[in-house]
Amino acid sequence: MASNSGPKSLNRSQNNGSSNNSNNSDKQVIHSTSSSKNSSGHPPVRSKPNSAKRSATPNSRAANPNNNDDSEPARVRVAVRVRPRDAEDLNSEADYADCVELQPELKRLKLRKNNWNADSYKFDEVFTDSASQRRVYEVVAKPVVESVINGYNGTIMAYGQTGTGKTYTMGRLGKHDPSERGIMVRSLEDILANTSPTLDTVEISYLQLYLESIQDLLAPEKNNIPIAEDPKTGEVSLPGAAVVKIRDLDQFLQLVQIGESNRHAANTKMNTESSRSHAILMVYIQRSSLGKADTDSPRDRDSKRNTGNTMNTLHKSKLLIVDLAGSERIAKSGAEGHMLEETKFINLSLTSLGKCINALAENSSHIPTRDSKLTRMLRDSFGGSARTSLIITIGPSARHHAETSSTIMFGQRAMKVVNVLKLKEEFDYESLCRKLENQVDYLIAENERQQKMREDDKEEIEKKLVEYRNSFAEVENSLDARCQLFENENKHLVSENQRLLDELKLQKDRNDVMHDQVARLEMSLKQSKQNQLEGSSYQKMLVDTTQMYEKKIAELMEQIEDEHSQIERAQDQLAKVKQMLSDHQKSKELQGKQEIDDLKEKLQKMCQVHDKTVNDFQSLKTENVELLSEKAMLSEDLQKLNQKLLVEEKQRKHMEDEFYKLKKMVAERDNDNEDKSSIMKENNGKVHPGYGNSLSLSRSFQQREAIPRVSKIFEEVGLEKTIAMLKSQDLDVQIHAVKAVANLAAEDSNQEKIVEEGGLDALLMLLGSSDNTTIHRVASGAIANLAMSEKNQGLIMSKGGAHLLANIASKTDDAQTLRMVAGAIANLCGNQKLHASLKEDGAIKALLGMGGSGNSDVIAQIARGMANFAKCESRGTVQGYRKGRSLLFEDGALAWLIDNCAINSSSTRRHIELALCHLAQNDDNAPDFVSSGSVKELVRISSESTREDIRHLAKKTLKLNPMFQSEMVC
């Protein structure tokens, strides 16, 4: 019979109970994978855990004033992995080959006690035998690895019967096929990819616990290593173990290969390579970060380190990867001799571990951690401050029912253990001190260098000043000498001029004498002429005398003319000398004045350079004082900024506290409740009247207990405020709000309030506007829960909800989102009034199209929707208010049902068989059945279906339809 119960929004919860009913209805779980980082890259800051959730280790109890605000509660996450069947399992002569039935979509498994009775258990994740190593790592180990990278301690541990695949899951190296790599290799690969080789350090130790003796697998000579505990913090350390720094993944693979070769293993009846010791890989990570930039890449952190503007912090964390030896029974393993002793010690340590987990699960006052070295080494992993993930491995064979049951119960008890995560962060004062010392040294050296430059400049200026002064003195001396020389020359020219004047005066006197003589001669000549008249005798003598005198007069005249020319030349020379003397005096005065002016200008420039140098020196001194004062002011501003950041951090924590309360209350409610179950039966050929109607769901006892807790959430947070958060611009706030609304929508009593407060409109708005996959998945699940009410179904259709769901189905490839969308459409298919609208909005076509994803959960919801749709059409046909061919056939629903009839899931196959039987009851659909050959499938269902009521319905349909009878005869 098809079930109309839609997907309920539930967080991963603890479950230690079992259900004896093997016909649980199909329910969906809105799976919200919790992340260890928020949108800013840091681990979410949580308030202190409730004092009732105490820790069993001194480390978790110790008060650390630096980390009180970073603690957060985290339950141990437990996943189960089933080993594929081997040849021995296939040859088993038991009545049934497998004692385990997996329901991965519900995160459940059923452990059969016999053919008619089974117990159901829920885990955080259930892996089938076909699950890949990568998926196991991403679900189980990756959240822990990310938490360790961010500064928290973490543990990943494998537990189970020998031969069930623990070592394959944890320590597979995958040399030839990287896809087979186990958790150890993948964890180190992620750690190395997210750390900086220059700023961060990654170190490992690889140990084994053999015969209650701790041995070093990387240094086999180190045996019986002691365990040391810090009396203040309670931290456990192994002082004698070898610690190797990891550079790259190849080096790590070589070290693990060396360790595996030193590990003890033996051939038993249960396993050809059975581990005879517990292997523990310890990874120590020390990360250096700047301020709050934890999410920066290693290259960004290197660049920020170079700037030196923020304070360095150190995150120290430790990751334990534990591959426990398998528990075994001596009768089955055939151990004897030394192997028998190994088996005793293995079982003893595993028993001690089980006792500790039992005590933690029961909140006992005494935790027996000192009963075994294994529990002492793992005391921080269970009930301590580490984020812990446990994967339990089991086999499917019924021959090992007791061991499988014991392993499952171990995992169930471990899920009750709650650790308190603490961030190990401290300031890198040494690095900060070194940086400040380097800055001080640099400033001192720079100051000394500048001071030395100033002194050198001063000496050079003084030297130039002395040179200029000496040059000025030399120029003055030269000018004095040249002036003296010019004065001497002037005196000489004056004396020469006086001499020439004296000569000219003398010559003038001579000329006067000569003129007197000429005058006397003329007078003598006149007198001689007179005497010539007086005597003729004296005439000749007079003529001769006259000629002689004329000749002398001519000579004297020539001499006088020569003297006149000499006087003129002397006068010209004297004028030239006077001109030269005046020109020389003028040039001397001009040249001396110009040189003096040049020297004065040079001296003035030198004085200006000296004054400028003195001023620069004084300004540098002033600037140095100002820099020192500015440095002091910056230090004060830095302190004020740190105080302001602390105040803002407290305010931010106060703002986030309200969201955390909502998440915590929902988690507590889900941890105390079991899954809702809705069982629908058809007896004596009568169909249950509530089929296809979400108002007929039965309320379980757990639902009634959850109502007070939801009411408490309304009182403390308020539905109106929660719905208002859906319109927030912060993506993280939207995600938390839509998860809270989805959880509230899981209760029928809250659905009407959600619709009245506008919750449905807000969810539809998010589907149409958001591109976030998580919002699509959770909002679709919330709408699926609201679609369980007939009143809400009409509202969803009137507001275009079917069209939005169809659009989401066409855009996304996420299997979980498709499962939620298919579940919502399947619930709407249970209302016959909406069939035509669903067809017009493309919801039926989108529902069938989601089958292409190949996901079994999605196919199960599609089959449920087809069964709901066919059932409503069949009811309308029988009651006479519907006629004609089925609306499903136009979109190829019949072909899809025939193609998926042989699906492995029994519940999905049951829905498909019901849909075919209901469609066949309409005579107008008979031609399609005959033409497509679907009559043969009806015949098969009538004889081979696992449900008697379905077989009866198929036989009745074949018998009443003549076309089917004639087709069967042919």
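In what follows, every heavy atom counts, from backbone to side chain, and hydrogens, waters and symmetry copies are set aside.
- Across all non-hydrogen atoms, the minimal contact from Ala742 to Val778 is CB-CG1, 3.7 Å.
- Met850 is listed as a side-chain neighbour of Ile825, based on a closest heavy-atom distance under 4.5 Å.
- A donor-acceptor pair is defined here as one N or O able to donate and one able to accept, closer than 3.5 Å; such a pair exists between the side chain of Asp124 and the backbone of Val78.
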### From CA spacing to verdict: side-chain contact (heavy atoms from CB on, under 4.5 Å), Trp896, Ile862
CA-CA 10 Å; Trp896 186 89; Ile862 297 172; 3.5 Å; yes

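- Summarising the geometry of Ala784 relative to Asn827, their closest heavy-atom pair is O-ND2, 2.9 Å, with the distance given to 0.1 Å.
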### Query
Run the side-chain contact (heavy atoms from CB on, under 4.5 Å) check on Val935 and Leu958 step by step: do they pass?
CA-CA 8 Å; Val935 179; Leu958 290 171; 4.2 Å; yes

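- With hydrogens and angles disregarded, no donor-acceptor distance shorter than 3.5 Å links the side chain of His401 to the backbone of Leu111.
- Counting heavy atoms from C-beta outward, Asp119 and Ser405 have side chains that stay 4.5 Å or more apart.
- Considering Glu913, Arg951, Arg909 in turn, Glu913 is the only one that fulfils the side-chain hydrogen bond (donor to acceptor under 3.5 Å, both in side chains) rule with Ser945.
- At a threshold of 4.5 Å between non-hydrogen side-chain atoms, the residues Leu353 and Leu324 count as touching.
- Lys955 and Ser942 get closest at one heavy-atom pair: CE-O, 3.0 Å.
- In this structure a side-chain-to-backbone donor-acceptor pair under 3.5 Å is present from Lys166 to Gln161.
- One N or O on the side chain of Arg186 and one on the backbone of Arg181 form a donor-acceptor pair closer than 3.5 Å.
- When atom types are taken as modelled, the side chain of Ser406 and the backbone of Ala402 share no donor-acceptor pair closer than 3.5 angstrom.
- Between Ile392 and Phe123, some side-chain heavy-atom pair lies under the 4.5 Å cut-off.
- Nearest heavy atoms, Ala414 versus Val76: O-CB, 3.4 Å.
- Residues passing the side chain to side chain contact (heavy atoms under 4.5 Å, CB included) test with Ala920, sequence neighbours excluded: Phe929, Leu938, Thr957, Phe964.
- Between Cys829 and Ile844, the shortest heavy-atom contact is SG-CD1, 4.0 Å.
- Residues Arg940 and Glu937 are paired through a salt bridge, judged by an N-O separation under 4.0 Å between the basic side chain and the carboxylate.
- Put simply, CZ on Arg135 and OG on Ser130 are 8.5 Å apart, with the number rounded to the nearest 0.5 Å.
- At a threshold of 4.5 Å between non-hydrogen side-chain atoms, the residues Arg276 and Thr343 count as touching.
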### Message
The test is side-chain contact (heavy atoms from CB on, under 4.5 Å); show your working for Leu916 and Cys901 and say whether it passes.
### Response
CA-CA 10 Å; Leu916 287 171; Cys901 273; 3.5 Å; yes

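- Note that OG of Ser381 and CZ of Arg387 are 13.0 Å apart. Values are rounded to the nearest 0.5 Å.
- Side-chain atoms of Arg81 come within 3.5 Å of backbone N or O of Ala131 as a donor-acceptor pair.
- Checking side-chain atoms of Ser187 against main-chain N and O of Ile183 turns up a donor-acceptor pair under 3.5 Å.
- With hydrogens and angles ignored, the 3.5 Å screen pairs a side-chain donor or acceptor of Arg864 with a backbone N or O of Gly823.
- The structure places CG of Leu818 at 11.0 Å from CD1 of Ile859, a figure rounded to the nearest 0.5 Å.
- Taking the side chain as every heavy atom from C-beta outward, Val140 and Glu125 never approach each other to under 4.5 Å.
- Judged purely by atom type and a 3.5 angstrom limit, Gln133 uses its side chain to pair as donor or acceptor with the backbone of Tyr168.
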### Message
As a quick check of understanding, evaluate side-chain contact (heavy atoms from CB on, under 4.5 Å) for Ile321 and Met170, giving each step before the final call.
### Response
CA-CA 8 Å; Ile321 303 178; Met170 303 295 288; 3.3 Å; yes

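- A donor-acceptor pair shorter than 3.5 Å can be found between the side chains of Asn419 and Thr388.
- Taking every heavy atom of both residues into account, Val144 and Ser389 meet most closely at CG2-OG, 3.2 Å.
- Remark: side-chain polar atoms of Asp323 are not paired, donor with acceptor, to backbone N or O of Ala279 under 3.5 angstrom.
- Qualifying side chain to side chain donor-acceptor pair (under 3.5 Å) partners for His278, counting only residues two or more places apart in sequence or in other chains: Ser349.
- Looking at Thr164 and His400, their side chains never come closer than 4.5 Å, going by heavy atoms from C-beta outward.
- The line from CG of Leu848 to CG of Leu888 is 7.5 Å long, rounded to the nearest 0.5 Å.
- Checking Thr812 against Asp814 by side-chain atom types alone, no donor-acceptor pair falls below 3.5 Å.
- Residues that satisfy the side chain to side chain donor-acceptor pair (under 3.5 Å) test with Asp813, not counting sequence neighbours, are absent from this structure.
- Side-chain contact between Phe382 and Met157 is present, with at least one heavy-atom pair separated by less than 4.5 Å.
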